[in-house]
**Student:** 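Handing you this structure, nothing more for now.
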There are 2 protein chains.
Amino acid sequence: MTDTRVERKERTRRAILDAALALSGESTLVALSLRQVAKEVGIVPTAFYRHFASIEELGLALVDEALDTLRVLLREIRRSAGHDYRDIIDGSVAVLVEQVRAHHAHFGFIARERFAGPTAVRQAIERGIELCERELAVDLSHLPGTDRWSDQDLRTLSALIVGAMVTTAERLVAVEPGSAVELRIADTARTQLRMMLIGVQRWRSNS
Amino acid sequence: MTDTRVERKERTRRAILDAALALSGESTLVALSLRQVAKEVGIVPTAFYRHFASIEELGLALVDEALDTLRVLLREIRRSAGHDYRDIIDGSVAVLVEQVRAHHAHFGFIARERFAGPTAVRQAIERGIELCERELAVDLSHLPGTDRWSDQDLRTLSALIVGAMVTTAERLVAVEPGSAVELRIADTARTQLRMMLIGVQRWRSNS
DNA sequence: ACCTTCGGTGTACATCCGTACACCGAAACT
DNA sequence: AGTTTCGGTGTACGGATGTACACCGAAGGT
C-alpha cells in the first residue's frame with residue numbers, strides 16, 4: 001500500500017536478479033532452473049515470466065550489471081592514478097583488490113559465464129571486455145614512453161594487461177578477503193604489471 | 001568375437017569420453033546429463049555406471065586427458081625452441097596455434113570448466129595449470145638474462161606468460177583454423193610475448 | 001463508480017532426469 | 001563342461017523441469 005505498482009514490480013525484479021546471481025555462483029547460468037530462482041525469490045514459477053522470457057534473458061540483464069561494475073573499476077583506477085609508474089601500479093592493484101572484494105559476485109559471474117555461459121551471454125561479455133581494452137589503450141597512450149606507439153601495439157599491450165587483470169580477478173574471487181593468499185595475489189599482480197610496463201620504455205613499434 | 005572383453009569395455013569407455021567431450025562443447029559439464037551421453041553413445045542409461053559413477057567422475061577423466069595435451073604443448077614448445085629470443089617466440093606461438101587446432105576440443109574444455117565446472121574438476125584444472133607454470137619457470141631460468149632472478153619472480157613471470165597463452169588459446173578455439181582472424185591472434189600473441197620478454201633483460205629481482 | 005491492467009497464484013501435463021532392480025548372454029575362468 | 005564374471009538391457013519409480021491455462025485482487029485510469 002505504501003508503494004506503487006511499478007515499485008513493487010521493480011522490487012521483485014531485483015530479487016530475481018539477486019537470487020539468480022547468488023544461485024549461479026554454485027555452478028553456472030546454464031545449470032540454473034527457472035524454478036530454483038522462483039523458489040528462492042518466493043514466487044510461483046510462472047510469475048517469473050512477468051519479468052523475463054527465459055533464464056538467458058535474465059543472464060543478459062546480469063551481464064549488463066556485471067559489466068557496469070567492470071567499467072566502474074576502470075574509472076576508479078583512472079581516478080586514483082598518480083603520475084609515477086610505481087604509484088599507478090600500486091594504486092591500480094589496490095583498487096582492483098578492493099573492487100573485487102566489494103563485487104566479487106559480479107567478477108565471479110563474468111569469469112564463469114565468459115566461456116561457459118549461453119552464447120548470447122558469452123558474446124555480451126566478450127564485447128564488454130573488448131571495450132575495456134579499448135578504453136585502457138587510450139589511457140596507455142597518455143603514459144610517458146608510448147608517444148610513438150602504433151594503435152595496434154597499444155591495443156595489444158592493453159589486451160595483455162586486461163588479460164592479466166582478469167586472471168588476477170578470477171584468482172581473487174576464489175580467496176577470502178584480507179587473507180594472506182589475497183596479499184600474495186596482489187603482490188604478484190603488482191610485479192606482473194611492473195614487468196609489463198618495464199617493456200614500455202624500451203619498446204619501439206615495428207621492430 | 002574378434003576382440004576380448006576388456007577391449008570392448010575400453011572401446012565403449014572411449015566412446016563415452018568422446019561423446020561427453022563433444023556434448024559438453026555445446027555448454028558445460030554441469031549441464032550435461034548422463035542420459036544424453038548414453039543416448040549419444042548408443043547404450044542404455046544404466047550402462048553408463050559400468051564405467052563411471054557420475055558425470056563428475058567422467059569429467060575428471062576428461063580433465064586428465066585435456067591436461068595431457070597441455071603438457072604435450074609445453075613439451076613441443078621446448079623441443080622446437082631455438083636459442084634466439086625471436087626464434088623462441090615465433091616457434092612457441094606456431095606450436096600453440098598448431099596444437100590448439102589439433103586438439104581444440106581439449107582446450108575449449110579447459111577454458112569452459114576452469115571456472116564453471118564441478119568443484120573437483122575446477123581444482124584439477126587449476127593444479128594442472130599451476131604445474132605448467134612451474135615447468136615453464138624452470139625453462140625460463142635457462143634463458144639468458146634470468147641468472148640472478150629470484151624463484152618467486154620466475155614463477156610470477158611464468159604465471160604471466162601462461163595466463164597470456166591460455167587467453168590466446170581461448171581466443172583460438174573460438175575461431176576457424178587458417179582464417180585471417182587466427183593469423184591476427186597469433187600475431188598479437190607474438191607481440192605480447194616480445195613485450196613480456198623485453199622486460200626480462202632489464203629486470204632485477206627486488207627493486 | 002466502473003472498468004482495465006497486470007503481478008502473482010494454482011493446477012495440470014508432458015518430458016526429462018538419476019537411479020534401483022531383475023535379468024540376459026557371451027566371454028573368461030576352473 | 002560347468003560355473004562365474006560382467007557389460008549391456010528393460011522396466012519402473014519419484015522427483016524436477018518448462019510452460020500452458022484459467023483465475024484472483026488490488027492498483028490505476030476514466
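Numbers restart at 1 for each chain; the letters A, B, ... are given by sequence-line order, proteins then strands.
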**Student:** Can you name the closest pair of heavy atoms from B/Gln192 and A/Ala159 and give their distance?
**Tutor:** NE2-CB, 3.7 Å
**Student:** I'd like to check the salt bridge (Lys or Arg N to Asp or Glu O under 4.0 Å) partners of A/Glu57; sequence neighbours left out, ordered by chain and number.
**Tutor:** none
**Student:** Please identify each residue that fulfils side-chain hydrogen bond (donor to acceptor under 3.5 Å, both in side chains) with B/Asp64, with sequence neighbours left out.
**Tutor:** none
**Student:** In residues 14-27 of chain B, what residues come within less than 4.0 Å of DNA chain D, judged by heavy atoms?
**Tutor:** none
**Student:** Apply side-chain hydrogen bond (donor to acceptor under 3.5 Å, both in side chains) to A/Ser92 and list each qualifying residue two or more places apart in sequence or on a separate chain.
**Tutor:** none
**Student:** List the residues meeting side-chain hydrogen bond (donor to acceptor under 3.5 Å, both in side chains) with B/Arg78, not counting sequence neighbours, and say none if there are none.
**Tutor:** B/Glu135, B/Asp139
**Student:** Is the CD atom of A/Gln152 crowded by more than 12 outside heavy atoms at less than 6.0 Å?
**Tutor:** no
**Student:** Please list each protein N or O that sits under 3.5 Å from an N or O in nucleotides 28-30 of chain C, with the distance.
**Tutor:**
from   : atom 1 : to     : atom 2 : distance (Å)
C/dA28 : OP1    : B/Thr4 : OG1    : 2.6
C/dA28 : OP1    : B/Arg5 : N      : 2.9

**Student:** Listed by chain and number, what are the side chain to side chain contact (heavy atoms under 4.5 Å, CB included) partners of A/Asp84, not counting sequence neighbours?
**Tutor:** A/Arg86, A/Asp87
**Student:** Mind checking what makes salt bridge (Lys or Arg N to Asp or Glu O under 4.0 Å) contact with A/Arg50, not counting sequence neighbours?
**Tutor:** none
**Student:** Produce the list of close N/O pairs, under 3.5 Å, pairing protein atoms with atoms of nucleotides 18-22 of chain C; give distances to one decimal.
**Tutor:**
from   : atom 1 : to      : atom 2 : distance (Å)
C/dG18 : OP1    : B/Leu34 : N      : 2.8
C/dG18 : OP2    : B/Leu34 : N      : 3.4
C/dG18 : OP2    : B/Arg35 : N      : 3.2
C/dG18 : N7     : B/Arg35 : NH1    : 2.2
C/dG18 : O6     : B/Arg35 : NH1    : 3.0
C/dT19 : OP2    : B/Tyr49 : OH     : 2.6
C/dT19 : O5'    : B/Tyr49 : OH     : 3.2
C/dT19 : O4     : B/Arg35 : NH1    : 3.4

**Student:** Name all residues meeting the salt bridge (Lys or Arg N to Asp or Glu O under 4.0 Å) criterion together with B/Glu65; count only those two or more places apart in sequence or in a different chain, and write none if there are none.
**Tutor:** B/Arg14
**Student:** Could I get a table of every N or O pair under 3.5 Å where one atom is in the protein and the other is in nucleotides 1-3 of chain D?
**Tutor:**
none

**Student:** B/Arg5: what forms a side-chain hydrogen bond (donor to acceptor under 3.5 Å, both in side chains) with it, not counting sequence neighbours?
**Tutor:** none
